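Some notes on the structure that comes next.
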Amino acid sequence: MKRRFGIYLAACLTALSVEAATAQAAPAAPESPLTLAVRSADQAAASGLDALAKGPRERFHRRSVYQGGVPGRKDLFYVSYDRTYEGLPVIGGDAVVATDAAGAVLDTVAAPVGGLAVDPAPTITPARAVGIARAQLSSVDKVEGATLSVLAGGHGTLVYETVVAGRKDGASSRLHVYVNARTGAVEGSRDDARAGSGTSQWNGPNPLSIDTSNNSTVDDTRPGLRCVDYATNAPFTKATNSFGNGNATSKETGCADVLWSTQKQWEMMKTWLGRNGIDGNGRGVTVKVGLNAVNAYWTGQHIEIGRNNANQWIASMDVVAHEHGHAIDQYTPGGAAREAGLGEATGDIFGALTEAYANEPAPFDTPDYLVGESVNLVGRGPIRNMANPSAVSGHPNCWSSAIPGTEVHAAAGPLNHWFHLLAEGSKAGPTCDGSTVTGIGIQAAGRVFYNAMLLKTSGMTHFRYRVATLTAAKNLDPTCRQFTAVKAAWNAISLPAQAGEPTCVGVPDDDFTLALDPVSGTVEPGGKAQSTVRTTTTSGDPQTVALSAAGQPSGVTVQFTPSSVTSGGSSAMTVSTTSDVAPGTYPITVRGAGSASHTVTYTLTVGGEPPADDFALALDPTAGTTRPGGTVASTVGTTTTAGATQKVALSASGLPAGATATFDPATVASGESSRLTITTSANTPAGTYGVTVTGAGSAVSHSATFTLTVEEGTPGGCAGMPAWSATRAYAPNDVVSHNAHKWTSTWYSTGAEPGAPGSWAVWRDEGAC
């Protein structure tokens, strides 16, 4: 019996072990593309990959995830992040990571923030900030808090952000007001409200098939989508569930048109763009018909539809899709575009896309690139012509430095013209330079533009849209056909090439990405910290990646084992400190150099007794681009953060061959600034370099990283850049060449010569071109 029991027990244990082994060998369920995308993006944000470099007191917090690409064929994901400084929101500090369905990081973009160094303690009360914010509108209906935040720019400004909703000069407004938390000064504002204009006409053929709920103008199949009477704020109801009488002077008819147009736009976005709803998360917005104005608005929260001069409610497909375009602009990374023309053109583009998708027959709103073509809004025919903007009211066809200062609807001309050329080609419309453009079709053009919207960050400009659309086209179409068309269309409206824009050769370049795990460590003086450097091949073939570090203070060494890996492999990073390292927090830039270079940031905190006297160090700007033989410059700012003012000696390391760095002055008292100039030689090799700027005080040292990009080429000419003119008006972010240097405008000016002693506040020297 005992033997039989033992045999039986052994047999059972054997069976159990086989079952366990089988269970262990069972393959894990594959992770979804969304999971892979979010994990990779979070890792990139935590590591400070490339454009996501951040200071030791800054963090990125995931905000939203958007899906783009080609629905059903090529999934791309865009993960947006908000930045914080000492736990406070950074206004204008947002970022986006783009990945493919396998989780490979395709691109990182971040709004430029400078080197943040802010005392987070306010001296005025939130109530006072609210009072100052309320005074910015003529009438206030609602106030939304006072959030202590950091406004990006320079070293940053501590502000209260208050949102006030109401009216300004008779128009709807939802104004974000930034009040200095120390002085009470208004440092800036941003209005979510956008005014649009369009045509009033019926859709068809009738009867329209619209989704309604409970015999009312509410669409419960698309949460949040409802059309209401402007006067009562209530939807229209009817026992017959049939709305409208075919007369555009009826608000009820206006709501029928709103639902029809919005439902077509919703379907277009899902089918063509892969977007779920107006907000990207399956929700729509309320639309109010009955505004007593010859206009229509996106208020930042809902849409208001007014009338034309014939007292018809302008709820046509053009207007409804245009206003929803403003909402989509707000509900994509970076929020609504700032530079004049971008927001209005975005609305027009979504109007054209919706018309093309709905494909209504004549005499209804047939697919075209006219806005307001069927009914005269103010008695002058169409209000815009995307194919040839100059044909209506002389709107500009071409980009110029005057565009940012142009009335917003007229300023839509260049971007509208670009989109038409991309979609239809130059056979259907003129070009500004006489060039030929081959169109890719409106559906593909819409995908390029929408995926570029998912790469937006705060403060978008036409220049940054050129870079974003080229990046989107390269990610969408590896054959480079779409990339070539996008580039040709921008050139055709005279918007020049930008530093750092991507190239496309038809075959994916060998590339990789870099990440740290963990991204920070804390040690006592004399201790060691460990991290793992992970690399991933993102395109092409695996390559050798050489690892290095910069930015570590005196007494800190960084060792990689091994010092080079094949992309896809990992290396152990050891950060060692000596016993005399000053306590503090230090950003260390880890670089992987292969056929391309990428960087991530490791934050080292050395413990011990904090120094009685301490300071912060920051750079503005934190990056610069030049050609061999040129120069770049940055301001090194210091701030006393504890104790007494101390002398800070400045130095730079990590410079490429042939490059030198000078400081003017070389030593400052904490609280003062110095001018850093990096000069390259004709033999300086092209590449991207992390230059560590160190400030050594009496008791502590701090460092910051300046990213120096040396482009291929010679410093002789300024091809592709307009020459500065003493008679032309310039606006912020205009780029010109003067005296063989590239200059970026930082303010509005006419006659202020770049490089002249009195023009230091107007032009920023970007180095020899």
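Here the structure is a predicted model, which means the values were calculated and not measured. Start at 1 with the first residue, then count along the sequence.
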Legend entry - Atom of Pro71, atom of Arg447 and distance for their closest heavy-atom approach: CD-NE, 3.8 Å
Inset, instruction - Measure across Thr638 and Gly671 and return the closest heavy-atom pair with its distance rounded to 0.1 Å. - result: OG1-N, 2.9 Å
Inset, instruction - Check the angle between the aromatic planes of Tyr465 and Phe449 and answer parallel, tilted or perpendicular using the 30° and 60° thresholds. - result: parallel
Inset, instruction - Look at the side chain of Thr537 and the backbone N and O of Ser567, then say whether any donor-acceptor pair between them is shorter than 3.5 Å. - result: yes
Inset, instruction - Starting at NZ of Lys74, measure out to CG of Asn475 and round the result to the nearest 0.5 Å. - result: 7.5 Å
Legend entry - Pairs where residues 37-54 contributes a residue and the test side-chain hydrogen bond (donor to acceptor under 3.5 Å, both in side chains) is met, not counting sequence neighbours: Glu31-Arg39, Asp42-Arg62, Asp42-Tyr81, Asp50-His598
Legend entry - Donor-acceptor pair, side chain of Thr694 and main chain of Ser703, under 3.5 angstrom: no
Inset, instruction - Answer yes or no: does atom CZ of Arg182 have more than 12 heavy-atom neighbours from other residues, nucleotides or ligands under 6.0 Å? - result: yes
Legend entry - Test item: Asp329 and Met453 side chains (from C-beta on) under 4.5 Å apart, heavy atoms: yes
Inset, instruction - Please name the pair of heavy atoms, one in Thr601 and one in Pro587, separated by the smallest distance, quoted to 0.1 Å. - result: CG2-CB, 4.1 Å
Inset, instruction - Indicate yes or no: at least one non-hydrogen side-chain atom of Ser576 is less than 4.5 angstrom from one of Gln559. - result: no
Legend entry - Any donor-acceptor N/O pair, Arg464 side chain to Gly459 backbone, under 3.5 Å: yes
Legend entry - Atom pair CZ (Phe706) and OG1 (Thr622), whose distance is rounded to the nearest 0.5 Å: 7.5 Å
Legend entry - Chi angles and distances behind the side-chain contact (heavy atoms from CB on, under 4.5 Å) call for Tyr586, Val556: CA-CA 10 Å; Tyr586 305 95; Val556 175; 5.8 Å; no
Inset, instruction - Would you mind reporting whether Ile328 and Met269 have side-chain heavy atoms less than 4.5 Å apart? - result: yes
Inset, instruction - For the pair Thr162 (side chain) and Gly145 (backbone), establish whether a donor and an acceptor sit closer than 3.5 Å, ignoring hydrogens and angles. - result: yes
Legend entry - Check: Leu342 and His462 side chains under 4.5 Å, non-hydrogen atoms: yes
Inset, instruction - Walk me through it: do Tyr78 and Asn451 pass the test side-chain contact (heavy atoms from CB on, under 4.5 Å)? - result: CA-CA 9 Å; Tyr78 302 84; Asn451 280 263; 2.6 Å; yes
Legend entry - Residue pair Thr84 / His61: nearest heavy atoms and the distance that separates them: OG1-NE2, 3.0 Å
Legend entry - pair Arg283-Tyr331: side-chain heavy atoms closer than 4.5 Å: no
Inset, instruction - Locate the shortest heavy-atom distance separating Ala472 from Ala452; write the atom from each residue and the value. - result: CB-N, 3.8 Å
Inset, instruction - Determine yes or no for a side-chain-to-main-chain donor-acceptor pair under 3.5 angstrom, with Thr639 supplying the side chain and Ala616 the backbone. - result: no
Inset, instruction - Would you indicate whether the side-chain heavy atoms of Val96 and Lys456 approach each other to under 4.5 Å? - result: no
Inset, instruction - Working to the nearest 0.5 Å, report the span between OG1 of Thr346 and CG of Leu415. - result: 6.0 Å
Legend entry - Which residues share a salt bridge (Lys or Arg N to Asp or Glu O under 4.0 Å) with Arg466, sequence neighbours left out: Glu501
Legend entry - Polar side-chain atom of Lys270 near backbone of Asn276 as donor-acceptor pair, under 3.5 Å: no
Inset, instruction - Measure the shortest side-chain to side-chain distance between Leu106 and Leu76 over non-hydrogen atoms and say whether it is less than 4.5 angstrom. - result: yes
Inset, instruction - Evaluate side-chain contact (heavy atoms from CB on, under 4.5 Å) for Leu34 paired with Phe77, printing each intermediate quantity in order. - result: CA-CA 7 Å; Leu34 177 62; Phe77 296 91; 4.1 Å; yes
Inset, instruction - Would you give the length of the straight line joining atom CD1 of Ile91 to atom CD of Glu161, rounded to the nearest 0.5 angstrom? - result: 4.0 Å
Inset, instruction - With rounding to the nearest 0.5 Å, note down the distance linking CG in Asp119 to CG in Leu158. - result: 7.5 Å
Inset, instruction - Scan residues 95-111 for pairs that pass side-chain hydrogen bond (donor to acceptor under 3.5 Å, both in side chains), counting only residues two or more places apart or in two chains. - result: none
Legend entry - Residue pair Ser595, Gln543: steps toward the side-chain hydrogen bond (donor to acceptor under 3.5 Å, both in side chains) verdict: CA-CA 8 Å; Ser595 60; Gln543 60 183 293; 2.9 Å; yes
Inset, instruction - Might you work through the side-chain hydrogen bond (donor to acceptor under 3.5 Å, both in side chains) test for Thr603 and Ser520, ending with a clear yes or no? - result: CA-CA 5 Å; Thr603 301; Ser520 62; over 6 Å; no
Inset, instruction - Find out whether Val113 and Tyr85 are in side-chain contact, i.e. whether some heavy atom of one side chain is under 4.5 Å from a heavy atom of the other. - result: no
Inset, instruction - Enter the distance from Asp517:CG to Ser570:OG here, rounded to the nearest 0.5 Å. - result: 9.5 Å
Legend entry - Worked check of side-chain hydrogen bond (donor to acceptor under 3.5 Å, both in side chains) between His176 and Asp192: CA-CA 8 Å; His176 296 247; Asp192 287 335; 2.8 Å; yes
Legend entry - Ser571 side chain vs Thr561 backbone, donor-acceptor pair below 3.5 Å: yes
Inset, instruction - Give a yes or no answer on whether the side chain of Asp614 reaches the backbone of Ala642 with a donor-acceptor pair at less than 3.5 Å. - result: no
Inset, instruction - Could you pull out the closest heavy-atom pair between Val648 and Gly695, with the gap in Å? - result: CG1-CA, 3.5 Å
Inset, instruction - Using atom types as modelled and distance alone, determine if a side-chain donor or acceptor of Ser531 lies under 3.5 Å from a backbone N or O of Val519. - result: no
Inset, instruction - With side-chain hydrogen bond (donor to acceptor under 3.5 Å, both in side chains) as the test, would you mind laying out the steps for Lys528 and Thr574 before giving the verdict? - result: CA-CA 7 Å; Lys528 295 182 179 181; Thr574 303; over 6 Å; no
Legend entry - Pair Thr589-Thr692, side-chain contact (heavy atoms from CB on, under 4.5 Å): steps then yes or no: CA-CA 8 Å; Thr589 300; Thr692 301; 5.6 Å; no
Legend entry - Ser634 (side chain) donor-acceptor with Pro621 (main chain) under 3.5 angstrom: yes
